[in-house]
S.K.: 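Below is one structure. I have some questions about it.
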Amino acid sequence: MRRKRESALDYHQKNRRKVKRTIVQFVILLAVGILLYQAVFDTKSYAEADHRTWQNDKGFIAISYFGVGRSGTPKLIAKAHLDEQLQALRNQGYVTISQQDILDFYNKKKPLPEKALFLSFEDGRNDSHLFAQPLLEKYNYKATALSYANKMGNSDNKFLQPKDLLNMQESGFWELGTNGYRLTYINIFDRQGNFIGVRDENELPTKNHVEYYNHYLMDFIRDSNMIPIEDRSMMEARITQDYDQMREIYTDTLGFVPKVYMIMHANTLYGGMNRLVSDVNDANIRKTFAMHFNREGTAYNSNKDSLYDLTRLQPDPYWYTNHLLMKIQSDTQQKMKFVHGDEQLAQQWRLESGAEEFKGNKIVLTSPPAEEGRLFLDNTSGSHDLRISAKLEGNVVGKQSIYLRDDREKGSFVRVTLHDNTLNVEQKKAGQEPVELYSAKLSEVLWQPEDLAYDKATVYTKSQTEAGALEEDEGYPVNIQNTRQMDIVIQGDKLSVSVDNAVKVNQQAIDSAIASGGVALGSAYSEKNKQDDIYDGVFTDVKISSIQNGASDQEQILFRNSYTGMEKAVNRMKDAFTTTVDWVMETF
């Protein structure tokens, strides 16, 4: 009898487990099904803006995303982050404009909306359409989907096909553009100086072993000594054939050639490119397209710019919303309304420079361009002895600082900084320069080739190549993120700092003149980042306590933003669900 009861119990337990698995699988498939339905069956139509109210004769911004993913990758912005950024742009008053609006602005001097935005998504990815479509409907935004001609009809389900593109265009939310015929690299050298030659993108999926390369349209094809193996007429015929093939494919598959072109790679044409190569590209571009976004890095296009030398901004996937707004503010010189997040938490702090966002259990402090962002906790000025714990989660390349006894009037402080994976501790007395108390490299941050998301396209010379492949700057790619647990105690004239539960600074003497002041956070870019001088410091699960009566076991919490109790459990469940859905979508 006992065996029968145990067998029946096991049977019921197995059934319950099966039911639970079935429910979880159903919920996951339902979520995926909803996303697919939204992408396939567009239920809304784009509402055109009233052009009669437009009076802007100065210019517009252009923002172009490489691609969109559900949760984001080193190359794809997360759908939730894209939603936040588009919502912020909408709240600023930005109205999307069409390709024809740009043509009329330059050719017919027709005005644009006061805050005009040309929005685009590059690379012709299916996931970009899947995740961006609901957001375009949500904000009534129009965007341009760019593709590569050689992906048309090649049965690669990663990329949008002609039927998809034409259906998107019919909804009114999308226009079509192109990145060119194909993505192929020439004159490639690896890090050991070995000559690789010409490779298609599928033959070079990662570039972690590559030191030099160029794009197919950007140079003569050369040998291992960087001597051209083709003369001018051969080069011109080769490049012209790419444009001819592109025109033929788009005409056959779409019935027309898109008006807008965004060349790969940007910032080379009319710049460092060989003049003969530049000339043949320019002639083909003007023959084929109505406008060309040749440059990348800044968002603003003025009425003095050329239709064939426009610029767009490509936000990196790791940018928080205020990072994008700070960049647009810098490019346009127009004041932005930054997002603050949790207003109740924000009221406890005083922003001294930059922009802050209180996002869940994170404080994201975005620096001004080439300056430090500073955020001061108001109720800590009278607290002498403190215990601080926080996870520092910003990119490895950059500066994240915690200030103690920060007295702005006297100009004195103690500062603990995580800078390019180095821990620095300094003190500054009134009227003096900062003095270093401690500096040491932390344990290496591990990253994989697939984490690499920065562009190493280089215009190089024969002498550079003869000298061998140059070593990459010591350090980390600028997009690599990492988490460091920081624990700090300052008590009397002694300071202790632990990183990832390992003591780095133990009872370090602090000058007795630095005896008062509050707690502040700081963020600043690293000079190793040559492309971006804005930085997002990320301080997670921050807890700041005052030590009472000199007793470390008697503390008063001055600030805490970590999840606790049910809120913590719910967020863990959300993370687990997100991870599971990501796995399902990537697998199937």
Side-chain angles (χ1 to χ4, degrees), residues 146-152 154 177-190 193-204 207 210-254 256-296 306-310 455-467 469:
L146 297 114
S147 58
Y148 284 100
N150 73 332
K151 302 298 183 185
M152 299 290 99
N154 71 349
T178 180
N179 287 127
Y181 171 57
R182 58 177 165 173
L183 192 57
T184 299
Y185 306 101
I186 62 175
N187 307 334
I188 306 168
F189 285 82
D190 67 17
N194 299 314
F195 182 68
I196 299 174
V198 180
R199 292 289 186 275
D200 183 71
E201 61 168 330
N202 296 326
E203 301 173 297
L204 204 68
K207 305 183 190 70
V210 172
E211 188 61 36
Y212 299 115
Y213 69 89
N214 218 323
H215 186 268
Y216 191 77
L217 301 179
M218 299 295 163
D219 196 5
F220 285 86
I221 293 180
R222 301 171 184 271
D223 63 17
S224 59
N225 294 312
M226 289 301 287
I227 297 173
I229 61 173
E230 55 185 1
D231 60 25
R232 177 179 177 177
S233 62
M234 293 169 62
M235 175 273 294
E236 290 177 343
R238 172 177 60 85
I239 289 176
T240 297
Q241 184 181 27
D242 248 38
Y243 287 97
D244 289 342
Q245 289 176 303
M246 177 173 55
R247 282 191 292 267
E248 181 179 344
I249 289 174
Y250 278 124
T251 301
D252 288 345
T253 58
L254 298 179
F256 63 92
V257 178
K259 293 180 182 178
V260 64
Y261 180 41
M262 292 189 182
I263 197 169
M264 289 292 172
H265 296 286
N267 305 325
T268 306
L269 191 66
Y270 316 127
M273 188 188 296
N274 179 289
R275 183 183 61 80
L276 297 177
V277 179
S278 179
D279 287 347
V280 67
N281 274 280
D282 181 70
N284 277 286
I285 290 169
R286 291 176 184 272
K287 174 183 177 181
T288 308
F289 303 107
M291 71 183 82
H292 176 210
F293 285 83
N294 173 57
R295 292 173 287 129
E296 189 279 321
S306 165
L307 269 170
Y308 291 95
D309 194 20
L310 299 173
D455 185 10
K456 294 179 64 176
T458 306
V459 175
Y460 44 86
T461 65
K462 182 174 182 295
S463 60
Q464 285 176 309
T465 306
E466 286 178 341

S.K.: Looking at every heavy atom in both Pro258 and Gly177, which two are closest together, and how far apart are they?
M.R.: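 Here Pro258 and Gly177 meet closest at CB-CA, 3.5 Å.
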S.K.: Distance-only, no hydrogens or angles: does the Asn179 side chain make a donor-acceptor pair with backbone N or O of Met262 under 3.5 Å?
M.R.: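 It does hold such a pair.
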S.K.: Hey, does the side chain of Asp231 reach the backbone of Ser233 with a donor-acceptor pair shorter than 3.5 angstrom?
M.R.: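 Judged by distance alone, yes, a pair lies under 3.5 Å.
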S.K.: Is it the case that the side chain of Asn281 and the backbone of Val277 share a donor-acceptor pair, with hydrogens and angles ignored and the cut-off at 3.5 Å?
M.R.: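 Yes: the side chain of Asn281 pairs with the backbone of Val277.
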S.K.: Asn267: what forms a side-chain contact (heavy atoms from CB on, under 4.5 Å) with it, not counting sequence neighbours?
M.R.: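 So Asn267 forms a side-chain contact (heavy atoms from CB on, under 4.5 Å) with Arg295, Glu296.
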S.K.: Please identify each residue that fulfils side-chain contact (heavy atoms from CB on, under 4.5 Å) with Asn284, with sequence neighbours left out.
M.R.: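 Testing Asn284 for side-chain contact (heavy atoms from CB on, under 4.5 Å), a comparison that skips the adjacent residues, returns Thr240, Tyr243, Arg247, Val280.
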S.K.: Which residues pass the side-chain hydrogen bond (donor to acceptor under 3.5 Å, both in side chains) test with Tyr148, not counting sequence neighbours?
M.R.: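 Tyr148: no side-chain hydrogen bond (donor to acceptor under 3.5 Å, both in side chains) contacts found.
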S.K.: According to side-chain contact (heavy atoms from CB on, under 4.5 Å), who are the partners of Ile229, at least two apart in sequence or on a separate chain?
M.R.: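 Result, side-chain contact (heavy atoms from CB on, under 4.5 Å) vs Ile229: Ile221, Asp223.
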S.K.: Show the nearest heavy-atom pair for residues Thr184 and Arg199, with the distance to one decimal.
M.R.: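 Minimum heavy-atom contact is CG2-O, 3.3 Å.
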S.K.: Please name all residues satisfying side-chain contact (heavy atoms from CB on, under 4.5 Å) with Glu248, sequence neighbours left out, ordered by chain then number.
M.R.: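 With neighbours one apart ignored, the set is Asp252.
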S.K.: Using the salt bridge (charged side-chain N to carboxylate O under 4.0 Å, His left out) rule, collect all pairs that involve residues 265-278, keeping only residues at least two apart or in two chains.
M.R.: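 Listed by first then second residue: Arg275-Asp279.
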S.K.: Are side-chain heavy atoms of Asn274 and Met218 found at a separation under 4.5 Å?
M.R.: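 Side chain of Asn274 against side chain of Met218, heavy atoms only: no contact under 4.5 Å found.
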S.K.: Just so I know, are the side chains of Asp282 and Tyr270 near enough to count as touching, which here means a heavy-atom distance under 4.5 Å?
M.R.: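 A side-chain contact under 4.5 Å exists here.
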S.K.: Minimum heavy-atom separation for Phe195 to Arg222, with atom names?
M.R.: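 Residues Phe195 and Arg222, closest heavy atoms: CZ-O, 3.2 Å.
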S.K.: Between Asp242 and Arg238, does any NZ, NE, NH1 or NH2 come within less than 4.0 Å of an OD or OE carboxylate oxygen?
M.R.: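 No, this pair does not count.
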S.K.: Could you check whether any side-chain N or O of Ser147 sits under 3.5 Å from a backbone N or O of Thr178, counting only pairs where one atom can act as donor and the other as acceptor?
M.R.: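 Pair absent, no side-chain N/O of Ser147 close to backbone of Thr178.
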S.K.: Any chance the side chains of Tyr261 and Thr288 put a donor and an acceptor closer than 3.5 Å?
M.R.: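 Absent: no donor and acceptor within the cut-off.
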S.K.: Are Asp244 and Tyr181 side-chain neighbours, meaning at least one heavy-atom pair lies under 4.5 Å?
M.R.: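 No; the side chains remain at least 4.5 Å from each other.
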S.K.: Answer whether the closest heavy-atom distance between the side chains of His292 and Leu269 falls below 4.5 Å.
M.R.: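 Sidechains of Leu269 and His292: in contact.
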S.K.: Between Asn187 and Phe220 (side chain of the first, backbone of the second, donor and acceptor by atom type, cut-off under 3.5 Å), is there such a pair?
M.R.: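 Answer holds: yes.
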